A.B. asks: 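First, the structure itself, so that you have it in front of you.
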Amino acid sequence: MRSRRSSATRPAIDASGPVLDRGRLSADSLAAARALLGSRLVRAADDEMLGPSVGRIVEVEAYIGAADLASHARFGQTDRNRVMFGPAGIAYAYLVYGMYHCLNVVTGPDGDPAAVLIRAVEPIAGIEAMRARRVAARHPRRRTPVTDARLASGPGLVCLAFGLDRSLTGTDLCDPTAPVRLLAPDPAASPPRVVATPRIGIAYAGEPWASRPWRLLDADSPSVSGPARLRRG
DNA sequence: GCAAAGATTTGCT
DNA sequence: GCAAATCTTTGCC
């Protein structure tokens with residue numbers, strides 16, 4: 001039998017419910033970004049000691065079309081961004097600044113290069129696993145303690161907390177059996193208060209792309225990225 | 001083949 | 001507020 005106590009005292013992992021409908025992601029990419037906000041990111045257990053993790057997506061950014069000079073698709077199709085040109089619901093993960101990974105969900109019609117960056121997730125369950133993954137990843141230079149709400153409060157931190165890297169690219173996040181997948185919003189949860197701002201870290205793209213309000217966030221979440229002072233939207 | 005830049009995060013000045 | 005850490009991808013010679 002199983003260790004009687006750990007399973008009894010551990011809170012139930014709320015990873016239930018249907019996966020996010022692919023149709024919500026395959027039409028307009030801004031609508032897809034809006035649909036992703038409030039949806040849940042699930043990562044299955046990687047082994048017996050590290051259980052599954054679940055979090056609510058509270059911040060996203062849309063990258064739409066080859067004309068968007070902030071998008072990886074601005075170079076046309078390459079080995080790295082190939083999946084952006086494919087069907088919606090597929091994961092696109094890449095290494096940024098040589099040390100962090102970023103998770104995107106491919107959006108828009110098949111053949112139309114677009115993706116939505118998952119910038120921040122509010123932990124719901126499996127929080128100890130998230131903390132353990134960040135320790136296991138030997139998160140560099142981190143010395144101050146991290147609160148639960150800040151475990152995945154940035155695009156690089158989402159991948160650290162959920163143990164994701166570019167090997168995830170190509171995974172179908174709308175597949176209910178996938179090790180990493182998207183769930184529709186918890187029907188019991190209140191819908192996010194959506195605020196739109198310009199995207200972060202893309203000044204190089206110039207106007208009008210740098211000013212497009214394609215970053216969407218839940219203004220009531222404590223897990224939105226950035227310093228507390230700048231988290232108002 | 002080589003140089004430059006980057007959808008980040010953190011600690012220190 | 002600034003710069004370091006770190007390495008893949010992309011562009012250009």
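Here is the naming used below: chain letters follow the sequence lines, and residue numbers restart at 1 for every chain. Every value quoted in this text rests on a predicted model; they were computed, and no experiment measured them.
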A.B. asks: From B:dG11, B:dT8, C:dA5, pick the nucleotide closest to the side chain of A:Met99?
C.D. replies: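 Selected nucleotide (nearest to the side chain): C:dA5.
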A.B. asks: Got a list of side-chain donor-acceptor pairs under 3.5 Å for residues 156-168 of chain A, not counting sequence neighbours?
C.D. replies:
from: A:Asp165; atom 1: OD1; to: A:Ser167; atom 2: N; distance (Å): 2.8
from: A:Asp165; atom 1: OD1; to: A:Ser167; atom 2: OG; distance (Å): 2.5

A.B. asks: Any side-chain N or O of A:Thr78 under 4.0 Å from OP1/OP2 of C:dT9?
C.D. replies: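 No, because none of the side-chain N or O atoms of A:Thr78 sits under 4.0 Å from OP1 or OP2 of C:dT9.
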A.B. asks: Taking the same atom, P, in C:dT6 and in B:dC2, what whole-Å distance lies between them?
C.D. replies: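 Per the computed distance, 23 Å lies between those P atoms.
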A.B. asks: Could you check which of B:dG11, B:dA7, C:dT8 has an atom nearest any side-chain atom of A:Thr144?
C.D. replies: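 My answer, after comparing the listed nucleotides, is B:dG11.
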A.B. asks: Quick one: A:Leu160 CG to C:dT6 C1', roughly how many Å, whole number?
C.D. replies: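 Atom-to-atom, A:Leu160 to C:dT6, this comes out as 14 Å.
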A.B. asks: Rounded to whole Å, how long is the line connecting atom CZ of A:Arg82 with atom C1' of C:dT10?
C.D. replies: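 These atoms are roughly 15 Å apart.
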A.B. asks: Rounded to whole Å, how long is the line connecting atom NE2 of A:His72 with atom P of C:dT10?
C.D. replies: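 So the two atoms are 8 Å apart, to the nearest Å.
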A.B. asks: For B:dA4 versus C:dA4, give the span between their P atoms, rounded off to a whole number of Å.
C.D. replies: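 It works out to 16 Å between them.
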A.B. asks: Check A:Val58 against A:Leu37 and note the closest heavy-atom contact, atom names and distance.
C.D. replies: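 The answer is C-CD1, 3.3 Å.
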A.B. asks: For A:Leu69 and B:dG6, give me the distance from atom CG to atom C1', rounded to whole Å.
C.D. replies: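 Rounded to whole Å, this separation is 15 Å.
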A.B. asks: I need the CD-C1' distance between A:Glu61 and B:dT8, as an integer number of Å.
C.D. replies: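 Result: 12 Å.
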A.B. asks: Would you please determine if the base of B:dG6 is stacked by A:Tyr97, with stacking meaning a centroid separation under 5.5 angstrom and planes under 30 degrees?
C.D. replies: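 Here the ring of A:Tyr97 and the base of B:dG6 are not stacked, as the 5.5 Å and 30° limits are not both satisfied.
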A.B. asks: Measure the distance from OH on A:Tyr204 to C1' on C:dG11 and round it to the nearest whole Å.
C.D. replies: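 It works out to 15 Å between those atoms.
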A.B. asks: Which residue in the set A:Arg74, A:Arg212, A:Arg199 passes salt bridge (Lys or Arg N to Asp or Glu O under 4.0 Å) when paired with A:Asp68?
C.D. replies: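 Testing A:Asp68 for a salt bridge (Lys or Arg N to Asp or Glu O under 4.0 Å) against A:Arg74, A:Arg212, A:Arg199 leaves exactly one candidate, A:Arg199.
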A.B. asks: Report the distance from atom CG of A:Leu36 to atom CG of A:Leu216, rounding to the nearest 0.5 Å.
C.D. replies: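 Atom-to-atom, A:Leu36:CG and A:Leu216:CG are 9.5 Å apart.
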A.B. asks: Tell me the closest heavy-atom pair linking A:Leu25 and A:Gly89, and the distance in Å.
C.D. replies: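 Where A:Leu25 meets A:Gly89 most closely, the heavy atoms are CD1-CA, 3.8 Å.
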A.B. asks: Please list, one pair per line, the donor and acceptor atoms closer than 3.5 Å that link side chains of residues 106-114 of chain A to other protein atoms, with sequence neighbours excluded.
C.D. replies:
from: A:Thr107; atom 1: OG1; to: A:Ser29; atom 2: OG; distance (Å): 2.8

A.B. asks: Test ring pair (Phe, Tyr, Trp, His ring centres under 6.0 Å) on A:His72 and A:Tyr94; report intermediate values, then the result.
C.D. replies: CA-CA 10 Å; A:His72 287 176; A:Tyr94 65 90; 4.4 Å; yes
A.B. asks: Output the single nucleotide from C:dT10, B:dT8, B:dT10 whose closest atom is nearest the side chain of A:Phe75.
C.D. replies: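 Minimum distance to the A:Phe75 side chain belongs to C:dT10.
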A.B. asks: Is it the case that A:Arg43 and A:Ser53 place a side-chain donor and acceptor less than 3.5 Å from each other?
C.D. replies: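 There is no such pair between these side chains.
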A.B. asks: Between atom CH2 in A:Trp209 and atom P in B:dA7, what is the gap in whole Å?
C.D. replies: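 Result: 16 Å.
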A.B. asks: For a quick check of understanding: with a heavy-atom distance under 4.0 Å over all strands, which category does A:Leu117 fall into, base, sugar-phosphate or nothing?
C.D. replies: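 Base contact.
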A.B. asks: Figure out the CZ/P separation between A:Arg166 and B:dA7, and round it to whole Å.
C.D. replies: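 For the pair A:Arg166 CZ and B:dA7 P, the rounded distance is 15 Å.
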A.B. asks: Please pick, from B:dT8, B:dT10, B:dG11, the nucleotide with the shortest atom-to-atom distance to any side-chain atom of A:Val96.
C.D. replies: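 For the A:Val96 side chain, the nearest candidate turns out to be B:dT8.
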A.B. asks: Using atom P in both nucleotides, what's the gap between C:dG1 and B:dA7 to the nearest angstrom?
C.D. replies: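 Their P atoms lie roughly 22 Å apart.
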A.B. asks: Return one dot-bracket line describing DNA chain C 5' to 3' (Watson-Crick or G-U wobble pairs, both distances under 3.5 Å; ( ) same strand, [ ] crossing, | another strand, . none).
C.D. replies: |||||.||||||.
A.B. asks: Looking only at heavy atoms, which two atoms of A:Arg119 and A:Ser225 are closest? And how far apart?
C.D. replies: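 Closest heavy-atom pair between A:Arg119 and A:Ser225: NH2-OG, 3.3 Å.
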A.B. asks: If only side-chain N and O atoms of A:Arg119 are considered, is one of them under 4.0 Å from the OP1 or OP2 phosphate oxygen of B:dT8?
C.D. replies: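 Yes, because at least one side-chain N or O of A:Arg119 sits under 4.0 Å from OP1 or OP2 of B:dT8.
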A.B. asks: Check every atom of B:dA7, C:dC7, B:dG11 against the side chain of A:Arg142 and return the nucleotide holding the closest atom.
C.D. replies: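 My answer, after comparing the listed nucleotides, is B:dG11.
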A.B. asks: Please evaluate the base of B:dA7 for a donor-acceptor partner in the side chain of A:Tyr94 within a cut-off of under 3.5 Å?
C.D. replies: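 Per atom types, the contact qualifies.
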A.B. asks: Quick one: which of B:dT8, C:dT9, B:dA7 gets closest to the side chain of A:Tyr100?
C.D. replies: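 Nearest listed nucleotide: B:dT8.
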A.B. asks: Assuming nearest nucleotide by heavy-atom distance, tell me which of A:Arg143 and A:Ile200 is located more 5' along DNA chain B.
C.D. replies: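 This one resolves to A:Ile200.
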A.B. asks: So A:Arg80, base contact, sugar-phosphate only, or nothing? Heavy-atom distance under 4.0 Å.
C.D. replies: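 A:Arg80: backbone/sugar contact only, no base atoms under 4.0 Å.
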